[in-house]
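Letters A, B, ... mirror the listed sequences (proteins, then strands); counts begin at 1. It should be emphasised that the depicted structure is a prediction, and the values quoted were computed from it without experimental measurement.
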Amino acid sequence: MELGLDVRTVGSHSVVDVKGEIDVYTAPKLREKLIELVSQGSYDVVVNLEGVDFLDSTGLGVLVGALKRVKAHDGSLSLVCTQDKILKIFKITGLTKVFPIHGSVEEAIGGTD
Amino acid sequence: MELGLDVRTVGSHSVVDVKGEIDVYTAPKLREKLIELVSQGSYDVVVNLEGVDFLDSTGLGVLVGALKRVKAHDGSLSLVCTQDKILKIFKITGLTKVFPIHGSVEEAIGGTD
Amino acid sequence: MAMVELSIPPRSAYVGVVRLAVSSLARKAGLDEEVVDDLKIAVSEACTNAVEDTPGDDPISIRWMEEDDRVTIEIADRRPSSNAEDPLDTQGFSTRLTMSLALLESLVDSFELTAREGGGYCTRLVVNR
Amino acid sequence: MAMVELSIPPRSAYVGVVRLAVSSLARKAGLDEEVVDDLKIAVSEACTNAVEDTPGDDPISIRWMEEDDRVTIEIADRRPSSNAEDPLDTQGFSTRLTMSLALLESLVDSFELTAREGGGYCTRLVVNR
Ligand SMILES: Nc1ncnc2c1ncn2[C@@H]1O[C@H](COP(=O)(O)OP(=O)(O)O)[C@@H](O)[C@H]1O
Ligand SMILES: Nc1ncnc2c1ncn2[C@@H]1O[C@H](COP(=O)(O)OP(=O)(O)O)[C@@H](O)[C@H]1O
């Protein structure tokens, strides 16, 4: 139940590749990483959820928190997700209307430019 | 926690490739398969444990039971195992003196011919 | 009726253990993989809500009950009574708890949160088979 | 001291659930992967011995207790008292129980089997950290 976080820069975007389970125990690590990025001036962030096996309200809360932070800097937060079981969570909670959700990192970067 | 069992014939030997966890819940399936083989006239049996993640006394008991059955027909039962964590179980229980344990199926078949 | 009980300290580190045990039980019970995934989330939500609101060390108890036509999971805690909180934050986003309740309502066939005698809450989740 | 408790029906299907929960707890506790593997086997042996000798429905209780210098796991049952049995079968092979006890002795730092008041046995396993 480890959470893997890799950050890379693609053009003007910071892409965070997340791997593993995001729950109440591991979510603080993701929250800190996203806060760090914004505090370092990354306001266009892509969170790639393709490697995520589990996501619940705690992870959603962290993503919403990060969205508020980048919006305060006129930035953007978009997600990459094609897994049905993860998309379902965004649909149930109405967050598909809040986050741009893309099929690939390339699409996410093109879409928010 | 499924147990996978594949049987193939190599020369005069029956090779059973075991995959998964052998414990008190799954061992009966292995026991039945080995009894079936012997009752069908396979007296030279190789049990390949390379795909086994877990083995405890119940699995060992099943292997000893099968050994007794093939010996009653002047047959042989040899094992294929290179995983330290599984070999350890055979060492602790003294079964390395009871079973020929080989590094590969080829070696096991050559060794008992 | 087959019953399995589990009791954990009210700490986030143990929620994953409950999820692992419940998903193993759910698979053994023959539930579809999609139902198993839904149940993992629902149980995680119930445990997270209990953990987040338990200030002391009172353990959280989880009871798995398997019957022919359904599986019932109860998550019982001793957290203090909470007042209804605003479902949206100051910027109009749903709070974590609002999203948690939406997930609980939607992912199982029946979801109930009741106050326990002696204090605390019991979350009851039912999945029909 | 962090304590996790688990109670299962005395049926073989549930031994894997205990193993899964214990290995998750052991990893979280920071035990080496080799120690985790040893503990999985020891717990499986203790539960198997309890399951095999419990004729009725009395549950088997597992208690995980984590301290700074060690982890203690107790597996308690209500099985009837058993007489000492022959360690070897008629053909001179070790019985399953003999092998189980050899594994329990060897895979943890301390192994104890004691009779419980009120009937049954408690298997206590200790791993030093
Ligand atoms: N150890 C437990 N694990 C899971 N659910 C429990 C546990 N103890 C009680 N509950 C559930 O909590 C709900 C409220 O029960 P209540 O009688 O008010 O509390 P208690 O049973 O502790 O006195 C009941 O549905 C009960 O089944
Ligand atoms: N629910 C349980 N889970 C694990 N171990 C237990 C449990 N209940 C008792 N034990 C252990 O069994 C051992 C024998 O305890 P004893 O007092 O004789 O039984 P009990 O505590 O049930 O009356 C003690 O070491 C105790 O810690």
Side chain, backbone, both or neither: which part of [X] has a heavy atom under 4.5 Å from chain D?
| X | answer |
| --- | --- |
| B:Val62 | neither |
| B:Lys71 | neither |
| B:Leu95 | side chain |

Can you tell whether the side chains of D:Glu67 and D:Arg70 come within less than 4.0 Å, N to carboxylate O? yes
Between D:Arg11 and D:Asp57 (salt bridge meaning N to carboxylate O under 4.0 Å), is one present in this structure? yes
Between D:Leu104, D:Ile73, D:Val108, which is the residue that forms a side chain to side chain contact (heavy atoms under 4.5 Å, CB included) with D:Val43? D:Ile73
Could you point out which residue of B:Asp6, B:Val80, B:Leu30, B:Asn48 forms a side chain to side chain contact (heavy atoms under 4.5 Å, CB included) with B:Val18? B:Leu30
Tell me, side chain or backbone of [X] under 4.5 Å from chain B's heavy atoms, or both, or neither?
| X | result |
| --- | --- |
| D:Glu105 | neither |
| D:Asn49 | neither |
| D:Ser106 | side chain |
| D:Leu101 | neither |

Can you see which heavy atom on B:Ser42 is nearest to which on B:Ser14, and at what distance? OG-OG, 2.9 Å
Chain B interface, residue from D:Thr95, D:Leu20, D:Thr48 that has the most non-hydrogen pairs under 4.5 Å: D:Thr48
Residue among D:Leu107, D:Leu97, D:Leu103 with most heavy-atom pairs under 4.5 Å to chain B: D:Leu103
Might you confirm whether atom CG of D:Asp68 has over 12 heavy atoms from other residues, nucleotides or ligands at distances under 6.0 Å? no
In terms of the angle between their ring planes, are B:Phe99 and B:Phe90 parallel, tilted or perpendicular, with boundaries placed at 30° and 60°? perpendicular
If you tally heavy-atom pairs under 4.5 Å against chain D, which of B:Asp84, B:Thr93, B:Val24 wins? B:Val24
